[in-house]
Amino acid sequence: MFIEVLKSKLHCVTLTEANLHYMGSITIDEDLMDAAGLVPGEKVQVVNNNNGERLETYVIRGQRGSGCICLNGAAARKAVVGDVLIIIAYALMDIDEARTFTPKVVFPVNNRLP
């Protein structure tokens, strides 16, 4: 049996852009992606701490060191620049692996690594 468990999380990043006229996804600074173990195209859940909205989308690579967190396409309607977001990725694991797995949880400061 496989269960879905937390794989990685960017905790309390600030939305820097919202681009309604893009095809979709969330753009994330490549430094933050690396720190959390996220890869381009990976499915993530985005939780908006300001208004309670939740959505699922996929990751695209943002400029390294930019601090960019940008919701694109329809997702741009779920938040405004300045909102605080949590970005979560999950993985399927068998129960034995899940018991010993340690997720990557990153606490950026001003959207940059501490």
Side-chain angles (χ1 to χ4, degrees):
M1 175 185 344
F2 288 92
I3 60 172
E4 197 169 15
V5 298
L6 174 68
K7 178 185 91 67
S8 42
K9 176 168 76 164
L10 290 171
H11 190 78
C12 293
V13 292
T14 302
L15 186 67
T16 59
E17 299 175 58
N19 185 350
L20 182 61
H21 301 291
Y22 190 82
M23 292 292 290
S25 67
I26 185 168
T27 305
I28 301 173
D29 177 326
E30 195 169 8
D31 284 342
L32 296 175
M33 288 177 60
D34 290 347
L38 297 170
V39 297
E42 184 170 1
K43 179 181 174 180
V44 291
Q45 181 180 47
V46 180
V47 180
N48 186 327
N49 280 357
N50 291 77
N51 64 18
E53 289 283 355
R54 291 176 173 258
L55 63 102
E56 290 181 342
T57 190
Y58 62 92
V59 174
I60 61 173
R61 185 180 296 125
Q63 182 179 353
R64 187 174 293 281
S66 67
C68 174
I69 303 289
C70 179
L71 282 173
N72 300 301
R77 295 203 182 272
K78 301 289 188 178
V80 297
V81 171
D83 281 357
V84 175
L85 309 177
I86 300 171
I87 302 168
I88 307 163
Y90 301 94
L92 290 174
M93 297 179 197
D94 69 53
I95 197 142
D96 291 329
E97 182 181 10
R99 285 189 172 116
T100 60
F101 179 77
T102 302
K104 290 186 177 184
V105 179
V106 181
F107 299 89
V109 177
N110 297 319
N111 289 7
R112 290 184 172 67
L113 299 174

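It should be emphasised that the depicted structure is a prediction, and the values quoted were computed from it without experimental measurement.
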With a 4.5 Å limit on heavy-atom distance, are the side chains of [X] and [Y] in contact?
X: C70; Y: N19; value: yes
X: K43; Y: E56; value: yes
X: I26; Y: V44; value: yes
X: P103; Y: V5; value: no
X: M33; Y: E42; value: no
X: V106; Y: P108; value: yes

Non-hydrogen atoms of [X] and [Y] that approach each other most closely:
X: L113; Y: A35; result: CD2-CB, 3.6 Å
X: S25; Y: T57; result: CA-OG1, 2.9 Å
X: A79; Y: L71; result: CB-CD1, 3.8 Å
X: L20; Y: R77; result: CD2-NH2, 3.2 Å
X: L38; Y: S8; result: CD2-OG, 3.5 Å
X: G24; Y: Y58; result: O-OH, 3.4 Å

With no hydrogens and no angle check, is any side-chain donor or acceptor of [X] less than 3.5 Å from a backbone partner on [Y]?
X: N50; Y: V84; answer: yes
X: D29; Y: S66; answer: yes
X: K7; Y: G37; answer: yes

Problem - Results of side-chain hydrogen bond (donor to acceptor under 3.5 Å, both in side chains) for N48 - residues two or more places apart only - result: N51, D83
Practice task
Check the hydrophobic clustering (I, L, V, M, F, W, Y; side-chain heavy atoms under 4.5 Å; chains of links allowed) and say if F101 and I3 are grouped together.
Solution key: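 Both belong to a single hydrophobic cluster.
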Going by atom type alone, with no hydrogens or angles, which donor-acceptor pairs under 3.5 Å involve a side-chain atom of residues 85-93 and a protein atom two or more places apart or on another chain?
unit_1, atom_1, unit_2, atom_2, d
Y90, OH, Q45, OE1, 2.8

Handout entry: D94, CG atom: more than 12 neighbouring heavy atoms under 6.0 Å
Key =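 Enclosed.
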Problem - Spacing of CG belonging to N111 relative to CD1 belonging to I28, to within rounding of 0.5 Å - result: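 Going from CG on N111 over to CD1 on I28, the span is 10.0 Å.
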Completion exercise
The reported gap from CG in D31 to CZ in R61 (rounded to nearest 0.5 angstrom) is 12.0 Å
Practice task
Could you verify whether a donor N or O on one side chain and an acceptor N or O on the other, from N72 and T27, lie under 3.5 Å apart?
Solution key: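 On atom types as modelled, these side chains qualify, holding a pair under 3.5 Å.
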Handout entry: Contact list for residues 8-27, test ring pair (Phe, Tyr, Trp, His ring centres under 6.0 Å), sequence neighbours left out
Key =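 Residue pairs passing ring pair (Phe, Tyr, Trp, His ring centres under 6.0 Å), neighbours aside: H11-F107.
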